[in-house]
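Okay, structure first, notes after.
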Amino acid sequence: MTTENSKETAKKTCPITDILESLRKQLHTEGQLPAKIRPAVARVARIVTEITLGRGSVANLEELSKAISELGAIAPSIANPVAASLKKDREEWENHIAGNLCSAGTCFLPRSAPCQVACPAHIDIPSMMARVGHGDYSESLSILAADTPLPDSCGLICPAPCEDECVQNAVSGAAVFIRPMKHVAARCADIKPDLEKAEPTGKKIAIVGCGPAGLTAAYYLAQKGHEVEIFDEREHAGGIMRYGIPNYRLPEYKLNAEIDVVKQLGVKIHLGYTVRQAREFLDKGYDATLLAIGLQNSKRLGVPGDDQDFVIGGMDFLSAVRSGKNPRVGPHVIVIGGGNAAIDVAMTAFRQGATKVQMWYRRNRKQMPANPHEVELALAEGVELVEFWAPTRIHPDKQIEFERSRYAPDAKTTPPVTVRADHIFAGIGQEADLSWLEGTKIETEWGNIVCDPVTLQTGEPGIFAGGDIAHGASTVVAAIGSGKRAAESIHSWLMGVPADYESLEPKRRDEVPFLSSTPEHRTSPKRAHIEENDPSTRKFSHDFMQKDWDEKVAAVEAERCLRCDICIGCGLCELACIEVGAEALKMVETKGGRMVFKDFTTPAEKCIGCGACTSVCPTGAIIVEDRDGYRVTEITGTVVRKQALEICSCCGETFSASAKQLQQTRDELGKMTREGILCPACARARSAESMKEMQWMAQLF
Ligand code: SF4
Ligand code: SF4
């Protein structure tokens, strides 16, 4: 039963999108539509697609009505719902055409590459990778520099949300290995990006916290011409990247090199500075303040006995190690938690003396928030994962009690256990000390600073918040995205100009030619990998554990990218191909209705080189052209069909036909084409003439 309330909250859908989805579904369900009606269905779907892309016109509506009535003659059950919608939702159709207006907001959306959309910093991933593939490392680094000051660090430690959204997951089952491409670009670039600085604005900004959010905001604000100073209470710059991420994952010298880029923009970094009051910089004459202090303290386990000296916060431990305090632990260490920080703690424990390291987690391996590759690395070093247990009490004799967690399938029947460990680490999250905000208008909630989600402005005018302290514990790349937003908001606030938040949206940073690759490789599930040092030796060393990724291997991996920046996945080409009856292009629907080529080999046998696809493609992602005596069909750089051009012995025009077509011509029209090969037009004309001749002769007898 539908209640009034549920009617109100139900998500609005677009009737035009609904129709398109239904038509596509029927076309993609194998065996659903008889071959003879597929072209007519594809024609209707193609016209509807044009409308959803904002390429519709009044002529399109007329063409659509005609296409629907043609389809109605052979498949009324498919044509009728479209015809009904054209009548019932006429206004919506007209709005789509006249003003690119979709009341549900599902049409006319920008179609950036899914990886770029998923990246919180919106790095132009396809262009960056294509540059790596071409060996243009400096250009690749310039693309990165437009969206992050920390490309090398991201290339080493980012959990790569971009890879989760990569369309190769749907095509081959293995995302393009995007993360280390940034590291290759940073490592191999001969020329560092030339960062331009605007004229000085005379405005002075204080940033509290020298982690990824603070460094990013400083990087952009300095380029906008502001004077920027960062204040941090630690001895060294880098925040979580220096004190919370082990050296074996992010070596100090690499981080220092990236911080130097920010300093070269004129940003001053004051270390060992404890901020006492949120307003102190405004009171000292700074024009704005950004609070980007991160979450530096480990959360306690919250069970009786968690305050004993052998129960240590995971982040405190990592920080002590990176500060050079060399804390020794073990021999038996238990880490409670299942995130990336817990993994870092477990692996660092081996390097600090532990011989037996266990991670006790309340769910199972699949449900761990840690990056699966990081989990593999930890297990390879000998970390034991103990699933479905939650701690309940820690005794002074270092005994820790666990109960079966409620997520365990046998939670009700398994009794509690008690184990002994020399050190117990809490790896369940971080928090910040916010007591110094008391007496200001800045509110806090759940341990974070409350700020406007768009402007990041706090309750205190001129004070903004960014990074983990604003959005909660997250990744370095999320902090970079937040730092970019903070910089835009602060600039707008200081200069009295509207904030250009559109500039933070995914953007193409370069026009990079396609990489050429074989059809098989484009859909290959073989994803490249990076070798790490041997687990049996690396587990005792803080040295960088990853071997350098060979740039040639990176280039081959870059070829697996399907260039979703250029092929926007509209599916028009596939529909046009079905319409002409060739059925050479095969696409699969991915998230958000994006179509993607699922095989690059079928065109070799089925493409007839007619060019219908290229004539409808809005971006030039698919090309059919004559080159050096061949008609070539190319999809985002991969030649999928190459057919020698024939010269018509009648009209002299070059033409291309599929092998099957040529054979048919020879078989059926063989007698009439003894003198050579005819192009389809001449063959048809010759056939008609011959027919007339036969009819005339028949009349004579
Ligand atoms: S195929 Fe390339 S452009 Fe498309 S989502 Fe994957 S990495 Fe991004
Ligand atoms: S090749 Fe062109 S027509 Fe085909 S899906 Fe990509 S952008 Fe659309």
Side-chain angles (χ1 to χ4, degrees), residues 20 24 28 42 45-46 49-50 52-55 110-119 122-133 140 143 158 160-182 506 508-510 512 514-515 517 521-525 527-528 554 557-579 582 584-600 603 607 611-624 633-638 640:
L20 181 57
R24 270 184 183 168
H28 284 136
R46 178 185 51 80
T49 304
E50 302 262 15
T52 63
L53 288 173
R55 292 167 27 127
R111 286 177 171 251
S112 303
C115 52
Q116 188 180 7
V117 175
C119 170
H122 296 319
I123 292 169
D124 180 359
I125 290 164
S127 300
M128 174 275 290
M129 290 201 298
R131 283 290 179 207
V132 167
S140 184
I143 293 169
C158 188
C162 51
E163 291 180 16
D164 296 338
E165 295 302 316
C166 173
V167 299
Q168 269 289 9
N169 286 309
V171 174
S172 66
V176 178
F177 200 10
I178 300 169
R179 177 184 56 80
M181 298 279 177
K182 292 165 265 180
R508 274 185 77 190
R509 300 289 184 186
D510 200 356
V512 190
F514 296 124
L515 297 166
S517 175
H521 184 54
R522 292 304 288 281
T523 54
S524 164
R527 173 177 145 114
E557 180 65 7
E559 289 171 9
R560 289 181 67 237
C561 171
L562 299 172
R563 293 301 302 266
C564 308
D565 54 333
I566 299 179
C567 174
I568 58 171
C570 62
L572 281 173
C573 53
E574 186 197 30
L575 295 170
C577 190
I578 300 172
E579 222 177 314
L585 300 177
K586 301 279 174 220
M587 302 191 96
V588 63
E589 188 161 347
T590 61
K591 273 187 205 165
R594 174 181 274 269
M595 307 300 297
V596 58
F597 289 100
K598 79 170 174 191
D599 104 73
F600 285 70
C607 174
C613 52
T614 198
S615 69
V616 293
C617 176
T619 66
I622 190 162
I623 298 166
V624 179
T633 307
E634 192 179 290
I635 302 174
T636 54
T638 292
V640 292

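Whatever order the structure lists ligands and atoms in, that order sets their numbers, starting from 1. In this text, all values refer to a predicted model and were calculated from it rather than measured experimentally.
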Legend entry - Closest approach of any protein heavy atom to atom 1 (S) of ligand 1, naming residue and atom: Leu562 N, 3.1 Å
Inset, instruction - Classify the contact between Ile178 and ligand 1 as side chain, backbone, both or neither, using a heavy-atom distance cut-off of under 4.0 Å. - result: side chain
Legend entry - Sidechain N-carboxylate O distance under 4.0 Å for Glu163, Arg527: yes
Legend entry - Ser615 (side chain) donor-acceptor with Ala612 (main chain) under 3.5 angstrom: yes
Legend entry - Sub-4.0 Å atoms of ligand 1 with respect to non-hydrogen atoms of Val167: 1 (S), 4 (Fe), 5 (S), 6 (Fe)
Legend entry - Shortest protein heavy-atom distance from atom 6 (Fe) of ligand 1, along with the residue and atom involved: Cys166 SG, 2.4 Å
Legend entry - Subset of ligand 2 atoms that lie under 4.0 Å from at least one heavy atom of Ile568: 7 (S)
Legend entry - Pair His28-Glu574, side-chain donor/acceptor within less than 3.5 Å: yes
Inset, instruction - Below 4.0 angstrom from a heavy atom of Cys567, which ligand 2 atoms are there? Numbered from 1 as shown, please. - result: 1 (S), 5 (S), 6 (Fe), 7 (S)
Inset, instruction - Identify the protein heavy atom lying closest to atom 3 (S) of ligand 1, giving its residue, its atom name and the separation to 0.1 Å. - result: Cys564 N, 3.3 Å
Legend entry - NZ (Lys586) with more than 12 external heavy atoms under 6.0 Å: yes
Legend entry - Atoms in ligand 2 flagged as close to Thr619, the criterion being non-hydrogen separation under 4.0 Å: 7 (S)
Legend entry - Part of Met587 within contact of ligand 2 (heavy atoms, under 4.0 Å): side chain
Legend entry - Exercise: do Thr638 and Arg522 side chains pair donor with acceptor under 3.5 Å: yes
Inset, instruction - Output the list of atoms in ligand 2 that are nearer than 4.0 Å to some heavy atom of Cys617, sorted by atom number. - result: 1 (S), 2 (Fe), 3 (S), 7 (S)
Legend entry - Residue part near ligand 1, for Met129, under 4.0 Å between non-hydrogen atoms: side chain
Legend entry - Distance-minimising heavy-atom pair for Leu585 and Cys577: N-SG, 3.6 Å
Inset, instruction - Carefully, step by step, assess Arg594 and Glu589 under the rule salt bridge (Lys or Arg N to Asp or Glu O under 4.0 Å). - result: CA-CA 6 Å; Arg594 174 181 274 269; Glu589 188 161 347; over 6 Å; no
Inset, instruction - Between Cys573, Gly571, Ser615, flag the one that comes closest to atom 4 (Fe) of ligand 2 by a heavy atom. - result: Cys573
Inset, instruction - For atom 2 (Fe) of ligand 1, decide whether Cys561 has an N, O or S atom at a distance under 2.8 Å. - result: yes
Inset, instruction - Report yes or no: do Gln168 and Ser172 form a side-chain donor-acceptor pair below 3.5 Å? - result: yes
Legend entry - Nearest heavy atoms of Pro126 and Ala113, plus distance in Å: CG-CB, 3.8 Å
Inset, instruction - Give the residue, atom name and distance (to 0.1 Å) of the protein heavy atom nearest atom 8 (Fe) of ligand 1. - result: Cys115 SG, 2.3 Å
